[in-house]
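Only one structure is covered here, and it is reproduced in the block below.
Order of the sequence lines fixes the chain letters, A, B, ..., with proteins taken first and strands second; residue numbering starts at 1 for each chain. What you are looking at is a predicted structure, and each value in this text was computed from that prediction instead of being measured.
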Protein chains: 2
Amino acid sequence: MKDSNTAVQYFNLFDIDKATTTKEKILYTALDLFSKLGYHGVSIREITRNVGIKESSLYNHFRSKEEILECILHSFRREFATVLPPIDRLDEILAYSTIDSFLQKGIEVFKMHFEHQVYEKVWRIIYTEYFRHSLAKEIFLNDMISNMLSFLETVFTKAMATGKVKEGNPRVMAAEYQYPVFAMLAEYNVLKFNNEDTTQIQQTITDHIDYFLESIKR
Amino acid sequence: MKDSNTAVQYFNLFDIDKATTTKEKILYTALDLFSKLGYHGVSIREITRNVGIKESSLYNHFRSKEEILECILHSFRREFATVLPPIDRLDEILAYSTIDSFLQKGIEVFKMHFEHQVYEKVWRIIYTEYFRHSLAKEIFLNDMISNMLSFLETVFTKAMATGKVKEGNPRVMAAEYQYPVFAMLAEYNVLKFNNEDTTQIQQTITDHIDYFLESIKR
DNA sequence: GTCTATACGAGGATAGAC
DNA sequence: GTCTATCCTCGTATAGAC
């Protein structure tokens, strides 16, 4: 057993090719299996068999199965924090873009994120564990929903001030824009996971953005 | 073992007081535990311990743990089908209600449904298993999303024809109305499950409905 | 329909040799 | 840091007595 008074370590899960150490291999393998079968649906044996080590070796890197999940979610949370542009650069960004292109760009980033070979797996874990795992819940409620809404509220407030969108409640606007995206992306993810056709839901997302942009025009 | 060539039996899960037979007790206990800990997080031993029977007795009622889940989802699906009013009664209903009161009524029914002591547990199972269980996925994609959208599309088409809402694409309207509700209810459920404050999200739902109704006025 | 008894592999985790 | 060996509980499921 290693130092047991240290907090869970962070890992850059982004670049899958960097999975060279045993610890990283364990993380990627666990992530992959958890995302397919759920945390409780995966055993230590299964993880180590896939990594190519014995069960006992795993405990050189993690104190428990729970710690593996903890580490995955922790690392993810840290990287997810960089998805939104910093608030203090917002004026600058908004100055040279229309609200249309800004939101369009946002959706692209969001979609890329959800389609990323590593992130999409973490999202699946978050989606399926947020009732049972407090960190998954936190990420879902705070990092995703709450932060996203606050960010958009700021955006719409600023855009309103410069006359880029019509007057209204920026909080409601943020909700009207973002909540449908959450639900549509959830549907998109399920379909994609099951290798079913996603053209319709992708069109629905596009339709939503168009409809929304039209509705906030001055 | 019982007749093994029969399909999974239906149960009226709605009325919890009717849980008198052992089979029903097993169903309710399993439902409760599955909804809290997830399907894989619950063992046959735990179910039977809570019911007050031995493991072996359970196999007199169900062939496997999987069959219990199957039975729960099956029964739920059947009852969920009665939530929406039949299409052929729609003209009649719409004749004596405004679109406002119609949607308001719909939200009430929906909310009651999601807050029902039994249904809310099934929904939690569906939410957490739809990536891994095909029936859960079907209920989520077809019975909830797809049916709901088709229903609303019909409603808006009819309402448009009688001049109750402004012209537009009824499919897009249905999506704009319903998808936010899905996402907001998901958030509401998580908060409620964790005994956290739900006033804000409830207000968000109300705001959404108001905003939407305003936007489709003629 | 329920019980006791039992089977046996899967499950998380550890001790200690190398 | 990895291995072998081991621990003991959990997990699903069955046989057969009552």
Side-chain angles (χ1 to χ4, degrees), chain A residues 1-6 8-9 11 18-73 125 128-129 132-133, chain B residues 1-6 8-9 11 18-73 125 128-129 132-133:
Chain A
M1 202 191 323
K2 307 242 296 254
D3 240 5
S4 50
N5 60 344
T6 48
V8 175
Q9 213 185 319
F11 274 84
K18 284 188 181 157
T20 47
T21 69
T22 303
K23 185 154 187 169
E24 285 166 337
K25 278 185 199 155
I26 293 170
L27 281 172
Y28 279 105
T29 307
L31 170 60
D32 186 55
L33 293 171
F34 287 163
S35 78
K36 276 191 247 166
L37 306 163
Y39 177 73
H40 288 294
V42 178
S43 67
I44 297 279
R45 285 206 226 278
E46 209 168 348
I47 296 170
T48 54
R49 198 182 335 115
N50 275 275
V51 173
I53 55 170
K54 296 294 168 188
E55 292 100 290
S56 54
S57 300
L58 184 140
Y59 291 92
N60 263 308
H61 305 282
F62 298 96
R63 267 168 296 171
S64 66
K65 185 179 152 189
E66 171 63 25
E67 202 188 63
I68 301 175
L69 177 58
E70 214 74 35
C71 185
I72 289 171
L73 292 178
I125 296 177
T128 53
E129 304 294 337
R132 292 183 289 277
H133 198 283
Chain B
M1 200 190 329
K2 307 243 294 251
D3 240 5
S4 50
N5 61 341
T6 48
V8 175
Q9 214 183 318
F11 274 83
K18 284 189 182 156
T20 48
T21 68
T22 303
K23 183 152 188 170
E24 284 164 340
K25 278 184 198 154
I26 293 170
L27 281 173
Y28 279 105
T29 307
L31 171 59
D32 187 55
L33 293 171
F34 287 163
S35 78
K36 276 190 247 167
L37 307 163
Y39 177 74
H40 288 293
V42 178
S43 66
I44 297 279
R45 280 207 228 276
E46 210 169 346
I47 296 170
T48 54
R49 198 182 337 114
N50 275 276
V51 172
I53 56 169
K54 297 294 168 189
E55 293 100 290
S56 55
S57 299
L58 184 140
Y59 292 92
N60 262 308
H61 305 282
F62 298 96
R63 267 168 297 171
S64 66
K65 185 178 151 189
E66 171 63 25
E67 201 189 65
I68 300 175
L69 176 59
E70 212 75 36
C71 184
I72 290 171
L73 292 178
I125 296 178
T128 55
E129 304 295 336
R132 292 182 288 279
H133 197 282

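Here the nucleotide nearest the side chain of B:K54, chosen from C:dG12, D:dT12, C:dC3, is C:dC3. Considering only side-chain atoms of B:I44, the nucleotide from C:dA13, D:dT12, C:dC3 that sits closest is D:dT12. Checking D:dC3, D:dG1, C:dG1 against every side-chain atom of A:I53, the shortest atom distance belongs to D:dC3.
Residue contacts for B:S56: at a heavy-atom cut-off of 4.0 Å it reaches a base atom on one of the strands shown. Nucleic acid contact class of B:V51 (heavy atoms, under 4.0 Å, all strands): none. A:S57 comes within contact range of at least one nucleobase, with a heavy-atom separation under 4.0 Å.
The nearest whole Å value for the distance from the NE2 atom in B:H40 to the P atom in C:dA10 is 15 Å. Distance A:K65 NZ to C:dT14 P: 15 Å, rounded to the nearest Å. Rounded to a whole Å, the CG atom of B:L37 is 15 Å from the P atom of D:dC10. In this structure, CD1 of A:I26 is placed 13 Å from P of C:dA13, rounded to the nearest angstrom. Between B:E67 atom CD and D:dT12 atom C1' there is a gap of 14 Å when expressed in whole angstrom units. The nearest whole Å value for the distance from the CD atom in B:E66 to the C1' atom in D:dT12 is 13 Å. In this structure, CG of A:L58 is placed 13 Å from C1' of C:dT14, rounded to the nearest angstrom. The CD1 atom of A:I47 sits 14 Å away from the C1' atom of C:dA10 (whole-angstrom rounding).
Between A:E46 and A:L37, some side-chain heavy-atom pair lies under the 4.5 Å cut-off. Residues B:E129 and B:L73 fail the side-chain proximity criterion, which asks for heavy atoms closer than 4.5 Å. Contact of the A:Y39 side chain with the B:H40 side chain is not registered, since no non-hydrogen atoms from C-beta on lie closer than 4.5 Å.
A close approach under 4.0 Å does occur between a side-chain nitrogen or oxygen of B:Y59 and OP1 or OP2 of D:dA13.
Not a single donor-acceptor contact under 3.5 angstrom links the side-chain atoms of B:S43 to the base of D:dC10.
Of the two residues near DNA chain C, B:G52 and A:Y39, the one whose nearest nucleotide lies more 5' is B:G52.
Heavy-atom minimum distance, B:T29 versus B:I47: CG2-O, 3.8 Å. In terms of heavy-atom proximity, B:H133 sits nearest to B:L69 at CD2-CD2, 3.5 Å.
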